[in-house]
**Student:** 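Dropping the structure in here first, questions after.
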There are 2 protein chains.
Amino acid sequence: MDLSERQLQILQAIINDYVENAEPVGSRSIAKKYDLGVSPATIRNEMSDLEEMGYLTHPHTSAGRVPSDKAYRLYVNNLMKKKNLSARDKRLINERLQASRDEFDQTIRHAAELLSEITHLTSFALTPATNEETISFIRLLPVDERTLILMIVGESGNVTNTTLRLKVPYTQEMLDVLSKNMTVTYKGRTLDDVLRSHIIEDVGSDIEAMSAAMDALRGNVMPSFIRTLEDMLNVNLYMEGMTNIFNLPEYSSIDRARDFMQLFAQKDWFTQKMLQRGDGVVVTIGDENAKMKDCTLITATYHVDGKLVGKIGVIGPTRMKYDEVTAIMEYLTNNLSESFRLTGSSDSEQPGADDGSHEDDK
Amino acid sequence: MDLSERQLQILQAIINDYVENAEPVGSRSIAKKYDLGVSPATIRNEMSDLEEMGYLTHPHTSAGRVPSDKAYRLYVNNLMKKKNLSARDKRLINERLQASRDEFDQTIRHAAELLSEITHLTSFALTPATNEETISFIRLLPVDERTLILMIVGESGNVTNTTLRLKVPYTQEMLDVLSKNMTVTYKGRTLDDVLRSHIIEDVGSDIEAMSAAMDALRGNVMPSFIRTLEDMLNVNLYMEGMTNIFNLPEYSSIDRARDFMQLFAQKDWFTQKMLQRGDGVVVTIGDENAKMKDCTLITATYHVDGKLVGKIGVIGPTRMKYDEVTAIMEYLTNNLSESFRLTGSSDSEQPGADDGSHEDDK
DNA sequence: TGTTAGCACTCACTCATTAAGAGTGCTAAT
DNA sequence: ATTAGCACTCTTAATGAGTGAGTGCTAACA
């Protein structure tokens, strides 16, 4: 049961209006603002049909219509036109993202900040999942007689370290041997793989001719090694612009605001949810989000070295400017991926720097 | 103009009652609940005097009295009795804090989490300020032909690193020389000191006989070195239990809640404010906090290796259980400091493990 | 002189009533 | 098929009475 051209126009108009004003929209105001060449009465009839089909709802009998999740879904899939970023937003992204390109977590956090600033919504960013990261080398560095630093370096420049205090003394030579030994054993394997295999069999026992002292050192180091690997797998979540939602009428009731805020108190749960989402720009609307029933979630992925994948996203009410937000996120993630192509390089060309070609500043 | 014994009793009673119920307290209910041996009329007279002296306020003529900031101040300074932690809270702290003692930031964050859980308020924790941290050694590690890792290690086991990509190739030997050279130059100096001196004079130019290649390498590394030092100085702020305030009647209006939340959106500002506060348990009430006029802020300090100083704190309405919260924070920070005496050791005795001696579980 | 009982008065809060306004849904005319 | 007209519904804001908690004052009391 397809929608007629006119019905689509009306639906589009209602969505536009509602996204703008956050108030149920009536037939008369549609007729006035959008020049559809029909009277309010006709529009009323169409609206009634649209409601029957589930695209609109009625807060109460004598109120205007409000788009349903289904309507937004239709809009996003079929009606929405690709929007060009305003020159201002492009400039903002280009400038602000460039500034902090060498510190990884910093950059991600900045990106989230920027995103919430531009969209006026709550945003978040996840550092890349490193399951697939492979180990490059392992190093043990002396600090004092009993303290040393364990350092694990991944192929993509990821570095994690722990300071550990031993119960047994060690020599520089012992550290060198163990470092080399561990590097030989684990080099080229993914973190996931190493962790899994370590649980099953006590890897590394293939090393022959180990002195008692070395054995003791090894016994001291291995638990830390495992813990550090686990630490390396951890993904960081940054949230920005939470208070933005206080400006939106849908969160003017304290209960709604509380519910919203509490979603993010469970950072771990939220992180898991986000990691499960698909690649590219993904939009889930209202009911499509198990919890968060009256939110829309838009996520997008960025790449590091074309391999590791991180996520960035915004959360807001289902009433949002889908065209703008998706456009921003696409641009932003492209930009991020480009920045992370060569970690730490600082003189590559800025991607998508086609400023001034199209312009539609608000 | 001192307060009479009876006035103090009445003030104390009003504070107790108000802290409990968050509602203006009237003369009659005081007379009934607290056995002061005087009639409501007498209490009314005293209350009137207390109001004149600025210890109480009137929301409106026909309402009960509410303690003023001045009253809370008096209470904290003179009236409040040291409270013993409930056995339950002690156990909670001992157990939960022990679990994650080797990862620094983790532990701090856990402590904040715990604090907000026990107090039902919003809490935060700052990692230690490292201005006074001294450099132990600097290491440069090769990753591939053009990529290397710069690692700075502080005396207290603090480690920070960056991955940097060079424009010039290098050899292992060059790295060794430069590492050693930098270590010799900076070892034993504080981060602050190094950063300051580096701005004034280009340190390290005293090194003679440097080849052109070494010079280039050095030129590539130094900016990262400075940036990494700055990074090392950065203090991390963790906030927990923000949504707890939604359960408090003082934040039942959306505006109050918004204002509260927005305080923490400016993380940098907040961090600065907190760093400026004194050592030990510090309580600032209402107006004493420039912004945050109707909050009370309680902070306490913990130590790392008896030297570096970090902060932990709670924020809530001026109406709070000062005795309990300060007791908890004292216990918690002692515990933390003890945990951090030997970073990374995992078999020291648990401090303050005198469970069961006093008990007043709620 | 300090304490207390009594009482008038104030003010917030609740609840019901009313009126206004926006918008629908139906019907009949075009 | 479209539209004008109109009754009907429901929300929202404003008004006002009634209620109750609590004060402040005064006069009596020990």
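Every value quoted in this text rests on a predicted model; they were computed, and no experiment measured them. Every chain is numbered from 1, with letters handed out A, B, ... down the list of sequences.
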**Student:** Between C1' on D:dT3 and NZ on A:K32, what's the gap in Å once rounded to a whole number?
**Tutor:**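 Roughly 17 Å, once rounded to whole Å.
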**Student:** Is there a donor-acceptor pair under 3.5 Å between the side chain of A:K321 and the backbone N or O of A:E20?
**Tutor:**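 No, A:K321 side chain to A:E20 backbone: no donor-acceptor pair under 3.5 Å.
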**Student:** Salt bridge check, B:E51 against B:R65: does any charged N sit closer than 4.0 Å to a carboxylate O?
**Tutor:** yes
**Student:** For A:M47 and for B:H60, find the nucleotide of DNA chain C with the closest heavy atom, then tell me which residue's nucleotide is more 5'.
**Tutor:**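 Nearer the 5' end of the strand: B:H60.
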**Student:** From C-beta outward on A:R6, which listed nucleotide comes closest to its side chain: D:dT2, D:dT23, C:dT24?
**Tutor:** D:dT2
**Student:** Taking atom C1' of D:dT23 as reference, at what distance in whole Å does atom CD of B:E51 sit?
**Tutor:** 10 Å
**Student:** When you get a sec, tell me which of D:dT23, D:dT3, C:dT24 is the closest nucleotide to the side chain of A:S39?
**Tutor:** D:dT3
**Student:** Rounded to whole angstrom units, what separation is found between the CD1 atom of A:I30 and the C1' atom of C:dT24?
**Tutor:** 14 Å
**Student:** Return the nearest nucleotide to the side chain of A:R44; candidates are D:dG24, C:dT4, C:dG25.
**Tutor:**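 Nearest nucleotide to the side chain: C:dG25.
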**Student:** Return the value, rounded to whole Å, for the distance between atom CD of B:E23 and atom C1' of C:dC11.
**Tutor:**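 Computing the B:E23:CD to C:dC11:C1' distance gives 15 Å.
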**Student:** Is it the case that more than 12 heavy atoms not belonging to B:E23 sit under 6.0 Å from its CD atom?
**Tutor:** no
**Student:** Checking contacts here: which listed nucleotide (C:dT24, D:dG22, C:dT4) is nearest the side-chain heavy atoms of B:S62?
**Tutor:**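 The nucleotide sitting nearest to the side chain is D:dG22.
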**Student:** Rounded to whole Å, please give me the gap between NE2 in A:H58 and P in C:dA22.
**Tutor:**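 Checked: the NE2 to P distance equals 16 Å.
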**Student:** Considering only heavy atoms and no angle criterion, is a donor-acceptor pair shorter than 3.5 Å present between the side chain of B:R28 and the base of D:dG20?
**Tutor:** no
**Student:** What is the distance from CD of A:Q7 to P of D:dT2, rounded to the nearest Å?
**Tutor:**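 Spelled out: CD on A:Q7 to P on D:dT2 is 11 Å.
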**Student:** Could you check B:T61 against B:A41 and say which one's nearest nucleotide on DNA chain C is further toward the 5' end?
**Tutor:**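 So the residue in question is B:A41.
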**Student:** Within this structure, what is the CD1-to-P distance between B:I43 and C:dT3, rounded to whole angstrom?
**Tutor:** 11 Å
**Student:** Rounded to the Å, how far apart are B:N45 CG and D:dC25 C1'?
**Tutor:** 9 Å
**Student:** Is there a donor in the side chain of A:R277 and an acceptor in the side chain of A:T284, or the other way round, less than 3.5 Å apart?
**Tutor:**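 Yes - a donor-acceptor pair under 3.5 Å links their side chains.
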**Student:** Can you classify the ring geometry of B:Y72 versus B:Y322 as parallel (below 30°), tilted (30 to 60°) or perpendicular (above 60°)?
**Tutor:** tilted
